[in-house]
Amino acid sequence: MATKVQISNNILLAFFSFLLLLGGTGCKSNRDPTREEEMFKSIYINQFRLTYFRQMLIKSYNNSEAVREIINNDNSGFTEKILTDEDYNLIDSLTAVDNNKMQIDSTKGNMRAEGAQGKRPLGFILDKIRSKWLDSLANERYEISGVKDFYY
């Protein structure tokens with residue numbers, strides 16, 4: 001039969017084991033702000049890129065109803081607002097400038113091989129997106145727009 005001293009020692013041992021277990025797990029939150037910020041930044045950059053792509057398609061195809069219908073039926077991206085109004089204004093300005101560049105390029109189409117004349121929007125847009133210029137701009141906008149401060 002266990003004595004009072006043994007029972008007290010077992011209770012103390014269990015109590016200290018419990019405290020060590022609690023202390024070992026700590027009070028660290030499951031939330032990893034660095035990982036969440038990287039994830040949000042990635043979402044922001046993708047949304048920036050997607051918005052540029054959509055606006056460039058609309059402008060390069062002269063605001064065509066067919067292109068608008070395709071874009072309106074596409075569910076890519078986010079329904080909640082991630083970009084700022086300034087981001088949308090910047091993208092609108094950039095796509096207007098890029099569309100003008102494309103129109104100027106199309107006037108030089110007579111110097112290209114037959115069948116390659118006119119505007120070449122898909123190749124132009126693909127080159128823009130592949131150049132990483134857009135990602136670099138989106139990164140810069142993410143840092144200065146203050147968007148990340150809304151979520152942290």
Side-chain angles (χ1 to χ4, degrees), residues 13-152:
L13 182 62
F15 179 72
F16 284 118
S17 297
F18 179 72
L19 286 177
L20 283 174
L21 181 64
L22 282 178
T25 58
C27 295
K28 184 178 178 184
S29 168
N30 289 336
R31 183 174 179 236
D32 182 358
T34 305
R35 187 169 185 276
E36 284 185 13
E37 184 176 352
E38 288 172 6
M39 185 176 67
F40 182 74
K41 184 176 184 179
S42 174
I43 290 168
Y44 176 91
I45 291 169
N46 284 333
Q47 191 66 26
F48 194 95
R49 189 185 307 131
L50 182 62
T51 302
Y52 173 89
F53 178 67
R54 285 175 172 163
Q55 285 193 22
M56 199 60 217
L57 278 175
I58 290 169
K59 288 179 182 174
S60 63
Y61 284 99
N62 303 321
N63 207 17
S64 156
E65 187 60 38
V67 171
R68 282 198 168 278
E69 184 178 341
I70 290 168
I71 290 172
N72 288 336
N73 288 321
D74 180 62
N75 293 320
S76 301
F78 284 82
T79 55
E80 67 183 65
K81 188 174 176 181
I82 293 175
L83 303 178
T84 66
D85 290 338
E86 291 82 16
D87 292 330
Y88 288 110
N89 290 336
L90 175 63
I91 292 169
D92 184 56
S93 297
L94 292 171
T95 55
V97 168
D98 285 345
N99 189 47
N100 286 338
K101 287 179 185 177
M102 207 178 340
Q103 288 172 337
I104 291 169
D105 179 64
S106 72
T107 62
K108 298 175 185 175
N110 61 348
M111 297 178 208
R112 290 192 284 268
E114 188 175 330
Q117 292 102 359
K119 283 170 59 173
R120 303 175 294 168
L122 296 179
F124 182 89
I125 296 168
L126 187 61
D127 288 345
K128 280 287 191 178
I129 291 173
R130 270 194 306 206
S131 73
K132 299 295 181 185
W133 161 84
L134 200 54
D135 289 358
S136 175
L137 179 60
N139 269 309
E140 190 175 320
R141 286 294 309 152
Y142 177 78
E143 294 300 325
I144 65 174
S145 70
V147 167
K148 66 181 177 179
D149 298 334
F150 292 126
Y151 296 94
Y152 299 102

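When reading the values below, keep in mind they use all heavy atoms of this one structure, side chains included, and skip hydrogens, waters and symmetry mates. Nothing here was measured: the structure is a model prediction, and the numbers come from that model.
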message: Distance check, rounded to the nearest 0.5 Å: I125 atom CD1 versus M102 atom CE?
response: 5.5 Å
task: With sequence neighbours excluded, tell me which residues meet side chain to side chain contact (heavy atoms under 4.5 Å, CB included) with S64.
output: Y61, A66, V67
query: Quick one: does R141's side chain get under 4.5 Å of T84's, heavy atoms only?
result: yes
task: Tell me, please, which residues at least two apart from D92 pass side-chain hydrogen bond (donor to acceptor under 3.5 Å, both in side chains).
output: K59
- prompt: Which of these, L90, L57, I91, sits in a side chain to side chain contact (heavy atoms under 4.5 Å, CB included) with Y52?
  reply: I91
field: Beyond-backbone contact of L134 with F53, side-chain heavy atoms, under 4.5 angstrom
entry: no
- prompt: According to the salt bridge (charged side-chain N to carboxylate O under 4.0 Å, His left out) rule, which pairs have a member within residues 61-73, sequence neighbours left out?
  reply: none
message: So, using side-chain hydrogen bond (donor to acceptor under 3.5 Å, both in side chains) as the criterion, who are the partners of N73 when residues are at least two apart?
response: none
statement: Across all chains, not counting sequence neighbours, the side chain to side chain contact (heavy atoms under 4.5 Å, CB included) partners of D127 are R130
field: Spatial distance of atom CE (M56) from atom CZ (F124) [nearest 0.5 Å]
entry: 5.0 Å
- prompt: Within a strict 4.5 Å, meaning less than it, do heavy atoms of the Q47 and K81 side chains meet?
  reply: no
query: How long is the span from the CG atom in L137 to the CD1 atom in I45, to the nearest 0.5 Å?
result: 10.0 Å
statement: With I58 as partner, the option from T95, I70, I71 fulfilling side chain to side chain contact (heavy atoms under 4.5 Å, CB included) is I71
statement: Of all heavy-atom pairs linking S145 and Y44, the shortest is OG-OH, 3.9 Å
field: Whether F40 and Y142 hold their rings parallel, tilted or perpendicular, with breakpoints at 30° and 60°
entry: tilted
field: Reported OG-to-CE distance for the pair S42 and M39, which is rounded to 0.5 angstrom
entry: 9.0 Å
message: Is any side-chain heavy atom of T51 closer than 4.5 Å to one of D87?
response: no
Spatial distance of atom CG (D98) from atom OG (S60) [nearest 0.5 Å]: 10.0 Å
message: Listing request: all salt bridge (charged side-chain N to carboxylate O under 4.0 Å, His left out) pairs with a residue in residues 42-57, at least two apart in sequence or in separate chains.
response: R49-D135, R54-D74
